[in-house]
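Beneath this line is the structure, given in structure tokens, with notes to follow.
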Amino acid sequence: VHEVQGVSLDNTATVETPERIRFTHHVAGPVRRTLAYLIDLLLRGAVLLVAGLLSTGAFTQASARASWGLWLLILFVLEWGWNVGFEAFGNGRTPGKRALGLRVVRDGGYPVTFIDAVLRNLLRAADFLPAGYLIGLAVMAGDRQARRLGDLVAGTMVVIESRTAVASRIVLAPEPTAQELDLLPPRPPVTPDEVEAIELFLRRTHLSPQRRLELAEMVVPTLARRMELRPSDPLRFLGVLYRRATRTRGAAEAAPPRAP
Amino acid sequence: MNESEDDFVARRRADWDEMDQLVDGRAWHKLPGASIAHAAALYRSVAADLMRARGAGYTPELIALLDGLAARAHASLYSAPPYRLGAVADLLLREFPRTVRRYWAFMAFAIFLFVLPGLVGFVGARDSRAFALHVLPEEAISQMEESYAHDPGQGRQDGDNAFMAGFYVHNNVGIAFRCFATGILFGLGSVFFLVYNGLVIGAVGGLVYSAGHGTNLLTFAAGHSAFELTAIVISGAAGMLTGYSLVATGGLTRFGSLRRRSRQIAHLVLGAAAMLVVAAAVEGFWSPSPVAARVKLVVAGGLWLMVILYLTLAGRRGGARPA
């Protein structure tokens, strides 16, 4: 099984579908969720402020009182309905969660329903106790999927939506010549894992040239010694080695070379 | 056989992009039939790509991309049923009263926890001002005595009604929600709020009664209390049901046991919230209106009867919907 990059098991949630496919959801921790909450809080505050300013406009005494009633109604709807509405009708995302790439999903990875959204958000009243979501944070700390009481009751969790870009195609400039390739053995003595590591390294184009060189210099001597070579350009060597190895990769996997 | 990652990406990328757009687009059940079938086929091919990428040991970035894409597509394909407006009517006319009756024992216990402290509060505050001072803050007492000293039909300006209706929605529905939510603490929060609210409401009654304004309070409160007190009791019962499910697990995990009942609990709370909105409208506009006290009391009796009949009879007939 392939582990997802550098993420320990305890903040992922694996979901198996009826088709027996496993997905890995990345569970959102308290910090991201708090930030999303604060964004929502600011937005709600802004709506209230606008509503309040409209209420205190130039009205007569009587209608001003009435509009404060409306304002209290808006306050209520924002307090209890903001999250329920956005999560139930926006497929688990309030504006704050959207901004931080979070989504509320059911335990099986399914979209939340209205009932789920109601339960998990009404229970904020309990999670909030005694002040500032202390109970909620304590419960989250003890749960593998960082669920607060509301999540546990509704059967939901908050996940991070990963939207990685497809890794860029490996480009070697210029492409290795036949001459360069022939300097290496037709079946380079590298294991499939090592080839994969080299491939990952070659795709890390966002590293600075100095850092790439530094990393290459750490690994190339070990590899080159196996082939009794002394490459002058470690980066180039890795690229050529990768091309040489992948062209015969099927054969390399059939008979993995023993490490010297 | 062993395709390189670059070739694999180049070959499959168009489908992934299409899937990505489909997932971000409209809900799938709104698409034309042929598109739904196409989307389902695309999902399966992306799922197969994910398996292939894992098996071939492609880069974590690619696997993460496919993982996320397939997971989002899965969520779209197996999405929640679309919302129907009929479900609201179904909840209020059938499910809510049915659930109230199903958990009648919790309702009875909640009534007990609410009414008994209410009586204690009433008698205590009627006979002893010191008792009232223990339960209520002093400024609340003086404000109360002032506001019920005159007939509730007079002394409110036009805008006040709307203001008070807004205030009641904000305050009372909030109280009911808290009364329910704190039930997660093994029911203790709900018990506390039921007892506390009963005590306070009773004490207010006793205080106003001892000041000789009992009739004013009764004519004011009788109408909306049919909805308000009932809804608070139901919220508290829902909270106690929550706590009970955590304790009497029937062999399940605590939250597994709770989740078995979570739909019904949500029905109770939503129904109670709807009743509280009605209560706030009555309290804001009808209760303070300058109608004769006798009319108000008759109407209040009618409302109480209506609420009781609704909770005992509604939804007895008619097919059950699959949950």
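Inspection of non-hydrogen atoms places V269(B), L270(B) of residues 269-280 of chain B under 4.5 Å from chain A.
For I74(A), no part lies near chain B; criterion is any non-hydrogen pair under 4.5 Å. For a residue to count as touching a neighbouring chain, one of its non-hydrogen atoms must lie under 4.5 Å from one of that chain's; by this rule N121(A) does not touch chain B. Looking at R147(A), only its side chain comes within 4.5 Å of chain B, counting heavy atoms on both sides. Contacts of L122(A) with chain B are made by both backbone and side-chain atoms, with heavy-atom separations under 4.5 Å. For L50(B), the part lying under 4.5 angstrom from a heavy atom of chain A is the side chain only. Both the backbone and the side chain of V153(A) have a heavy atom closer than 4.5 Å to some heavy atom of chain B.
The aromatic rings of W80(A) and F177(B) stand perpendicular to each other, their planes meeting at an angle above 60°, with 30° marking the opposite boundary.
The local environment of OH in Y196(B) is sparse, with at most 12 non-hydrogen atoms from other residues, nucleotides or ligands closer than 6.0 Å. Other residues, nucleotides and ligands contribute only 12 or fewer heavy atoms inside 6.0 Å of the OH atom of Y244(B).
When the candidates A47(B), A70(B), G55(B) are compared by the number of heavy-atom contacts under 4.5 Å with chain A, A70(B) comes out ahead. For chain A, the option among A266(B), S262(B), A71(B) with the highest count of heavy-atom pairs below 4.5 Å is A71(B). Ranking I184(B), T182(B), L246(B) against chain A, the residue ahead of the rest is I184(B), based on heavy-atom pairs under 4.5 Å.
Looking at Y58(B) and E196(A), their side chains never come closer than 4.5 Å, going by heavy atoms from C-beta outward. The closest side-chain heavy-atom distance from D6(B) to R203(A) is below 4.5 Å.
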For this session: Begin from the C-alpha positions of F180(B) and L119(A) and carry the test side chain to side chain contact (heavy atoms under 4.5 Å, CB included) through to its verdict.
Result: CA-CA 10 Å; F180(B) 153 69; L119(A) 282 172; 4.2 Å; yes
Exercise. After noting the C-alpha distance and the side-chain angles of H267(B) and I115(A), does the key distance pass the side chain to side chain contact (heavy atoms under 4.5 Å, CB included) rule?
Worked result: CA-CA 8 Å; H267(B) 286 163; I115(A) 295 281; 4.0 Å; yes
For this session: For L185(B) and I135(A), run side chain to side chain contact (heavy atoms under 4.5 Å, CB included): C-alpha distance rounded to whole Å, both residues' side-chain angles, the deciding distance at 0.1 Å, then the answer.
Result: CA-CA 10 Å; L185(B) 310 170; I135(A) 287 187; 4.1 Å; yes
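A126(A) and A181(B) get closest at one heavy-atom pair: CB-O, 3.4 Å.
Between atom CZ of residue F255(B) and atom CG of residue D151(A) there is a gap of 10.5 Å, rounded to the nearest 0.5 Å.
Ion pairing of D116(A) with R259(B) is absent here, as no side-chain N (NZ or NE/NH1/NH2) approaches a carboxylate O to less than 4.0 Å.
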